[in-house]
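Note that this is a predicted model, so its numbers are computed, not measured. We count ligands from 1, going down the list as the structure has it; atoms in each ligand are counted the same way. Scope of the values below: all heavy atoms of this structure, side chains included, with no hydrogens, waters or symmetry mates.
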Amino acid sequence: MSNESINWDKLGFDYIKTDKRYLSYFRNGEWDKGTLTEDNQLHISEGSTALHYGQQCFEGMKAYRCKDGSINLFRPDQNALRMQRSCDRLLMPQVPTEQFIDACKQVVKANERFIPPYGKGALYLRPFVIGVGDNIGVRTAPEFIFSIFAIPVGSYFKGGMTPHKFLISDYDRAAPQGTGAAKVGGNYAASLQPGYKAKQAGFADCIYLDPLTHTKIEEVGSANFFGITANNEFITPKSASVLPGITRLSLMELAQSRLGLKVIEGDVLINNLDRFVEAGACGTAAVITPIGGIQYGDKLHVFYSESEVGPVTQKLYNELTGIQSGDIEGPAGWVVKVA
Ligand code: PLP
Ligand code: COI
């Protein structure tokens, strides 16, 4: 695909075949040094554990074009760490942090022409590890593949930084001691039907409650939840079944150090939403998406406004995206230059 045919102003979140992807194999107890390839098809055994038993995990991260033309990665060490934890949870070999970050840089450089211009989106990186090789028993795979591909993206939720409405789901995406905290495909398979139903009903996505009691907000589709109170508190759910998001982690730090908010990881009771003056969803793909309303049963709870972005949400957005694109100095180590 030629990048001349990409309309940078109309980018959404769709697959585009870019030039090169990274591919490394784990055989005989070690990862090979990996190669870049033009081929976007994987040829794997029909017995691969990734196909039958969901032995796979992935990451989502972005490379940003800065005003001066340089390219930033945002906290890639955190993605490497999270993927190592996901691999542990599914009995797969960890990819060392150094190899992970080096592979990210190779993929970004090899697809540089697909990085959207400054301010127009980002190059989304999708690292993943899958169990492959001939097998049939429920056990860990004999071999593994670690790969990263890249796609230019714009807004994940249509309309981007505008308030969106979400629907509380009756379904769970993960179990209390299950795999919710790991970024594994099974959680997303479980979310397909509830997400589809929410979108069919006119919502941006669904919100999951805690799987044990169904009384507390856990996640907003494929993003984390945060709420702002009138007492200047930034509150985000604490739970073993929530994915520990890197955007959320970063916002917790920025809310406290740059906006002077009190940061609380705690319960977000669905019957006590009145305490929030603003609410949002945050994640790599979602960036910060303001939550205009939450539908719970037959009641729509409106936060700041159904059409306008709240002032604290806007400040958090400006700070986060400013750091990512190099306009604002971030805390030490957050930004890693590719070139
Ligand atoms: N929660 C879920 C279920 C996700 O899929 C994501 C996206 O990666 C997040 C939260 C946000 O995580 P991060 O900020 O690391 O992208
Ligand atoms: C991300 O934010 O990177 C995600 O992985 C969310 C979704 C596209 C799966």
For ligand 1, which of its N or O atoms have a protein N or O partner closer than 3.5 Å, and how long is each gap?
residue	atom	partner	partner atom	Å
ligand 1	1 (N)	E219	OE1	2.5
ligand 1	5 (O)	K183	NZ	3.2
ligand 1	5 (O)	Y188	OH	2.4
ligand 1	8 (O)	K183	NZ	2.8
ligand 1	14 (O)	I246	N	3.2
ligand 1	14 (O)	T247	N	2.9
ligand 1	14 (O)	T247	OG1	2.6
ligand 1	15 (O)	R82	NH1	2.8
ligand 1	15 (O)	R82	NH2	3.1
ligand 1	15 (O)	I246	N	2.7
ligand 1	16 (O)	T284	N	2.8
ligand 1	16 (O)	T284	OG1	2.6

Could you pull out the N/O contacts under 3.5 angstrom between ligand 2 and the surrounding protein atoms?
residue	atom	partner	partner atom	Å
ligand 2	2 (O)	A285	N	2.8
ligand 2	3 (O)	Y124	OH	2.6
ligand 2	5 (O)	Y124	OH	3.3
ligand 2	5 (O)	K183	NZ	2.7

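Residue pairs meeting the salt bridge (charged side-chain N to carboxylate O under 4.0 Å, His left out) criterion with at least one partner in residues 47-70, sequence neighbours excluded, are E59-R82, R65-E112.
Between the side chains of S86 and K183, not a single donor N or O lies within less than 3.5 Å of an accepting N or O. Side chains of D327 and Y118: a donor on one and an acceptor on the other come within 3.5 Å. For the 3.5 Å distance criterion, the side chains of T37 and T35 fail to qualify, holding no donor opposite an acceptor. No donor-acceptor contact under 3.5 angstrom links the side chains of Y208 and N187, judged on distance only.
Atoms CD1 and CZ, on I130 and F58 in that order, are 13.5 Å from each other to the nearest 0.5 Å.
Using a 4.0 Å cut-off between charged side-chain N and carboxylate O, E265 and R248 make a salt bridge.
Checked against a 6.0 Å centroid threshold, the rings of F157 and F166 count as neighbours.
Cluster partners of L212 are absent, since no Ile, Leu, Val, Met, Phe, Trp or Tyr has side-chain heavy atoms less than 4.5 Å from it.
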